[in-house]
Enquirer: 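If you scroll down you'll find the structure; I have some questions about it.
Whatever order the structure lists ligands and atoms in, that order sets their numbers, starting from 1. We're numbering straight along the sequence, starting at 1.
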Amino acid sequence: MPTTRITRLTESDWEQFAELRLRALTDTFGTADKQYLVEARFTPADWRRRLRDHAQFMVVLAGQPVGMVAAYQESAETAYVYSLWLDPAARGRGLGRRLVAAALDWARRRGVHTVTLRMAAGNAAARRVYESLGFTEVPTGGGAGEVVMRLTLR
Ligand SMILES: CC(C)(COP(=O)(O)OP(=O)(O)OC[C@H]1O[C@@H](n2cnc3c(N)ncnc32)[C@H](O)[C@@H]1OP(=O)(O)O)[C@@H](O)C(=O)NCCC(=O)NCCS
């Protein structure tokens with residue numbers, strides 16, 4: 001069984017973060033996507049700022065970075081989780097759940113009570129990950145084709 005490790009990235013990891021984030025955007029939306037085109041032009045300072053402003057967690061499988069999730073604190077009691085992604089070859093091992101659990105631990109330690117996120121309504125694997133951690137859908141919380149999920153931390 002290859003070893004897995006989840007770490008929170010710091011500013012000095014910006015190159016690794018940039019590589020992983022652009023891989024995630026490419027895999028999910030393609031290189032013609034607006035967000036990809038914006039972030040592909042990020043400077044080192046932009047990547048460092050992202051790492052300062054938001055908590056970024058990376059999962060390493062057998063020594064290789066294979067996935068990530070991000071979170072930020074919106075207010076004293078609320079946090080937002082976004083950008084969950086795993087390399088297709090690393091899916092099906094429960095790593096998505098472990099990544100989100102790391103973000104929830106971070107939020108809990110900061111005194112957060114409520115965590116929200118958005119996902120595509122038809123994303124069964126993501127829904128399963130979030131629901132297994134206790135998230136429930138907020139009725140009519142999202143836009144077209146999107147749902148909002150919420151979790152109260154204990
Ligand atoms: C969402 C994602 C991170 C989940 O990866 P993962 O942790 O490897 O997910 P798994 O393949 O282990 O699946 C998680 C659960 O969903 C189930 N599942 C997977 N695909 C499913 C499907 N099409 N229908 C129903 N259930 C499904 C799995 O059986 C598993 O259930 P279990 O925990 O009860 O065993 C990964 O699919 C991914 O990176 N997708 C692309 C990016 C994305 O959609 N991110 C989410 C944005 S909100």
Enquirer: Which residue owns the protein heavy atom closest to atom 13 (O) of ligand 1, what's the atom, and how far is it?
Expert: Ala125 CB, 4.2 Å
Enquirer: Check each atom of ligand 1 against the heavy atoms of Gly96 and keep those under 4.0 Å away; list them by number with element.
Expert: 7 (O)
Enquirer: Measure from atom 16 (O) of ligand 1 to the protein's non-hydrogen atoms and state whether any distance is below 4.0 Å.
Expert: yes
Enquirer: Write out the residue and atom name of the closest protein heavy atom to atom 45 (N) of ligand 1, then the distance separating them to 0.1 Å.
Expert: Leu84 O, 2.7 Å
Enquirer: Just need the protein heavy atom nearest to atom 23 (N) of ligand 1, so name the residue and atom and give the distance.
Expert: Ala124 CB, 3.9 Å
Enquirer: In the protein, which heavy atom is nearest to atom 40 (N) of ligand 1, and how far is it?
Expert: Arg91 CZ, 3.6 Å
Enquirer: Check the pair Trp47 / Glu15 against side chain to side chain contact (heavy atoms under 4.5 Å, CB included), numbers first and verdict last.
Expert: CA-CA 8 Å; Trp47 291 113; Glu15 281 173 291; over 6 Å; no
Enquirer: Return the set of residues passing ring-ring contact (aromatic ring centres under 6.0 Å, His included) with Tyr36 (not counting sequence neighbours), or none when no residue passes.
Expert: none
Enquirer: Determine the minimum heavy-atom distance between Leu153 and Val112, stating which atoms define it.
Expert: CD1-O, 3.4 Å
Enquirer: Under a 4.5 Å cut-off applied to non-hydrogen side-chain atoms, are Thr114 and Leu151 in contact?
Expert: no
Enquirer: Among protein heavy atoms, which sits nearest to atom 33 (O) of ligand 1, and what does the distance come to when rounded to 0.1 Å?
Expert: Arg128 NE, 4.0 Å
Enquirer: Are any of the N/O atoms in Leu86 less than 3.5 Å from those in ligand 1?
Expert: yes
Enquirer: Can you tell me if Arg41 has over 12 outside heavy atoms packed within less than 6.0 Å of its CZ?
Expert: no
Enquirer: Report the C-alpha separation of Val59 and Leu86 in whole Å, then their side-chain angles, then the decisive distance to 0.1 Å, and conclude whether the side chain to side chain contact (heavy atoms under 4.5 Å, CB included) test is met.
Expert: CA-CA 9 Å; Val59 59; Leu86 280 173; 3.8 Å; yes
Enquirer: Is the count of non-hydrogen atoms from other residues, nucleotides or ligands lying under 6.0 Å from Arg5 atom CZ greater than 12?
Expert: no
Enquirer: Can you check whether a protein heavy atom sits less than 4.0 angstrom from atom 28 (C) of ligand 1?
Expert: no
Enquirer: If we count only non-hydrogen protein atoms and require a distance under 4.0 Å, does atom 2 (C) of ligand 1 qualify as touching the protein?
Expert: no
Enquirer: Any heavy-atom pair between the side chains of Val147 and Arg127 that's under 4.5 Å?
Expert: yes
Enquirer: With the threshold set at 4.0 Å, does a side-chain nitrogen-carboxylate oxygen contact exist between Arg50 and Glu39?
Expert: yes
Enquirer: Can you find a protein heavy atom closer to atom 35 (O) of ligand 1 than 4.0 Å?
Expert: no
Enquirer: Quick one: look up the protein heavy atom nearest atom 48 (S) of ligand 1 and list residue, atom name and how far away it is.
Expert: Tyr130 OH, 3.3 Å
Enquirer: Give me the nearest non-hydrogen protein atom to atom 4 (C) of ligand 1 as residue plus atom name, then the distance to 0.1 Å.
Expert: Val129 CG2, 4.0 Å
Enquirer: So is Asn123 polar-close to ligand 1, meaning N/O to N/O under 3.5 Å?
Expert: yes
Enquirer: Could you pull out, from Gly92, Gly94, Ser83, the option with a heavy atom nearest to atom 8 (O) of ligand 1?
Expert: Gly92
Enquirer: Is any side-chain heavy atom of Met68 closer than 4.5 Å to one of Ser83?
Expert: no
